[in-house]
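Here is the structure we will look at, set down as structure tokens.
Chain A is the first sequence line, chain B the second, and so forth, proteins listed ahead of strands; every chain is numbered from 1. These values consider heavy atoms only, across backbone and side chains, with no hydrogens, waters or symmetry-generated copies.
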2 protein chains.
Amino acid sequence: MSISTAPSRFNSKLTSQCQNCSLSALCLPIALADEDINRLDQIIERKRPLKKGEILFHQGQAFDSVFAVRTGTLKTFNITASGEEQITGFYCPSELVGLSGIDNNSYPITAKALETTTVCEIPFSHLENLTSQIPSLKHQLFRVMSRKISDDQQMMVLLGKKNADEKVASFLLNLSNRFKKRGYSATSFRLAMSRGEVGNYLGLAVETVSRVMTRFQKNELIEVDGKEISIINLSEMQKLVGIADDCARIADI
Amino acid sequence: MSISTAPSRFNSKLTSQCQNCSLSALCLPIALADEDINRLDQIIERKRPLKKGEILFHQGQAFDSVFAVRTGTLKTFNITASGEEQITGFYCPSELVGLSGIDNNSYPITAKALETTTVCEIPFSHLENLTSQIPSLKHQLFRVMSRKISDDQQMMVLLGKKNADEKVASFLLNLSNRFKKRGYSATSFRLAMSRGEVGNYLGLAVETVSRVMTRFQKNELIEVDGKEISIINLSEMQKLVGIADDCARIADI
DNA sequence: AGCAAGTTTTGATCTATATCATGAAGCCAC
DNA sequence: GTGGCTTCATGATATAGATCAAAACTTGCT
């Protein structure tokens, strides 16, 4: 079982963990040869699970590693001048957190578990060394970072140009696509984050998020039961975010 | 003279162009040995200047190169579902544009000159090959991308949490710092972009940008004469953006 | 189970900023 | 230099979404 809740910290096991991990098709190992996956596997530390609310790394802390989420969900945020928290992203299984720490050798954000979460720790200096031996891993890493840059730019479009309905619809479709990519239902899922966190992330007040969702439910676009969301009318939702061009993109992470 | 307005397209010259470029301390060559700079130099094509309004690359176009701005200014934007342009960034000399194209092998944004602009074209496949031979170049590239990720996240904070005054102040201080880093005055500079473009970028209406600037002038924070801006009261401006922590960061690109 | 603390929903009101409208000032082409 | 076009400034008005308030629900704790 590649995703266990209490994996050993080191992995000198019979078989490669990455190789068996159901996420390897989405995570860094993508397009690596078996022997290369083993090499990657050897630098990865699998840590004990984080409980809800626990912190993976702090804003300002020295950077050594990037982390791949295996199970659960993380949020990243930074604390603004006025002391409020501004959420900059949510991370689902197979997604890589911490890349923004490379530049300055310290994390510019804090990463916190929204629920019980397991991660693979990838010491960056090892990873970087390994990219010298495995060009496709290097390319993969450039791609992951490039993707992050374009996703964040789509997020800037969302924050700068969209109204509350479009923001919430984009958010839900984005999650839907991420779940789908991982083999879960695209139309029925559970939000790991509170309404407040959604609002914070989207630049909206809690009350607005709540009202928009209620209205979406009335209009039979979605069905809401607490944190459980079902998308009833996918095509109408897509119309809302303007699926035509770039927004297809943001909904397709 | 390393920055000329009509450099030859190829560079089999006596001396390395990168080596002589006054931007090399800010651009990719940072921390490269002389011989490595020469190797980097050999893959770079110096293109004819773009005139105001000319396009460097189009959204959707196949990705081959990243570009370093040598002189002038670029903006990048994408066209939203509703057909409007959303500006995602402005690029000054020494800054690298096009990194977001790596992921998908096509540029997700359009890059357009705001004034006469010269760029160095760096074919990405060559650059990537070169990183195999020059580990510090690879590291440098990771850093540049990482920096872009954290800068964009600061931009998300700006768009999601700041009011009009804070947005405009952050924008001006950000430019100020970028000019300063290049050896220009930090307190007196010319905006290459129109009020409309500033507003588009910051998620504000043109009128709001205009009003905020007028008010800043009345309050003797800045002096405005068309596109010429002087920052009169730097510390007050810094207070406005909340220089305390993270915002120091965004003002320090 | 039962109580306290947090979260979500819903309603009423307020406000920052968008939008609309107009005139002034720059800027380019001929 | 003059006419036409774009950008900028400023006033008047409208509105999306914030804020305030309070009730209904969840969740976790002993």
Ignoring the backbone of [X], work out which of [options] is nearest its side chain.
X        : options               : answer
B/Lys227 : D/dA18, D/dC8, C/dT17 : D/dC8
A/Thr208 : D/dC8, C/dT10, D/dG17 : D/dG17
A/Arg211 : C/dA12, D/dA9, D/dT10 : C/dA12
B/Asn163 : D/dT10, D/dC8, C/dT17 : C/dT17

B/Ala205 vs B/Lys52, nearer the 5' end of DNA chain C by closest nucleotide: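 The residue closer to the strand's 5' end, by nearest nucleotide, is B/Ala205.
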Quick one: [X] [atom1] to [N] [atom2], roughly how many Å, whole number?
X        : N      : atom1 : atom2 : value
B/Lys162 : C/dA16 : NZ    : C1'   : 17 Å
B/Met213 : C/dA25 : CE    : P     : 20 Å
A/Leu159 : C/dT17 : CG    : P     : 15 Å
B/Gln217 : D/dC8  : CD    : P     : 15 Å
B/Lys161 : D/dG17 : NZ    : P     : 15 Å
A/Ile229 : C/dT8  : CD1   : P     : 11 Å
B/Lys218 : D/dA9  : NZ    : P     : 11 Å
A/Glu228 : D/dC25 : CD    : P     : 19 Å

Any donor-acceptor pair under 3.5 Å linking the side-chain atoms of B/Ser100 with those of A/Ser146?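 Distance-only check fails for A/Ser146 and B/Ser100.
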When you compare the side chains of B/Asn219 and B/Glu236, does any donor N or O come within less than 3.5 Å of an acceptor on the partner?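 B/Asn219 vs B/Glu236: no donor-acceptor pair found between side chains.
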Side-chain N or O of B/Thr214 less than 4.0 angstrom from OP1 or OP2 on D/dT10?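 Yes, within the criterion.
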Establish, with yes or no, whether the OP1 or OP2 oxygen of D/dT7 is under 4.0 angstrom from a side-chain nitrogen or oxygen of B/Ser194.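 Checking D/dT7 against B/Ser194, no side-chain N or O comes under 4.0 Å of OP1 or OP2.
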Looking for any heavy atom pair under 4.0 Å, which part of the strands does A/Gly203 touch: base, sugar-phosphate only, or nothing?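 Touches sugar-phosphate only.
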Is A/Gly196 touching bases, backbone alone, or none of the nucleic acid, heavy atoms closer than 4.0 Å?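 It contacts sugar-phosphate atoms only.
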Assess whether salt bridge (Lys or Arg N to Asp or Glu O under 4.0 Å) is satisfied between A/Glu166 and A/Lys161, documenting all intermediate values. CA-CA 9 Å; A/Glu166 292 165 344; A/Lys161 286 270 174 303; over 6 Å; no
Using a cut-off of 6.0 Å, state whether more than 12 heavy atoms not belonging to A/Lys227 lie near its atom NZ.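 Correct, the count exceeds 12.
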Between A/Asp152 and B/Lys148, does any side-chain N to carboxylate O distance fall below 4.0 Å?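 A salt bridge is absent here (no side-chain N lies under 4.0 Å from a carboxylate O).
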Take B/Met193 and A/Asp225, find for each the nucleotide of DNA chain D with the closest heavy atom, and name the residue whose nucleotide sits nearer the 5' end.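 Residue closer to the 5' terminus by nearest nucleotide: B/Met193.
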What about B/Glu207: does its side chain form a donor-acceptor pair under 3.5 Å with the base of D/dC8?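 Absent.
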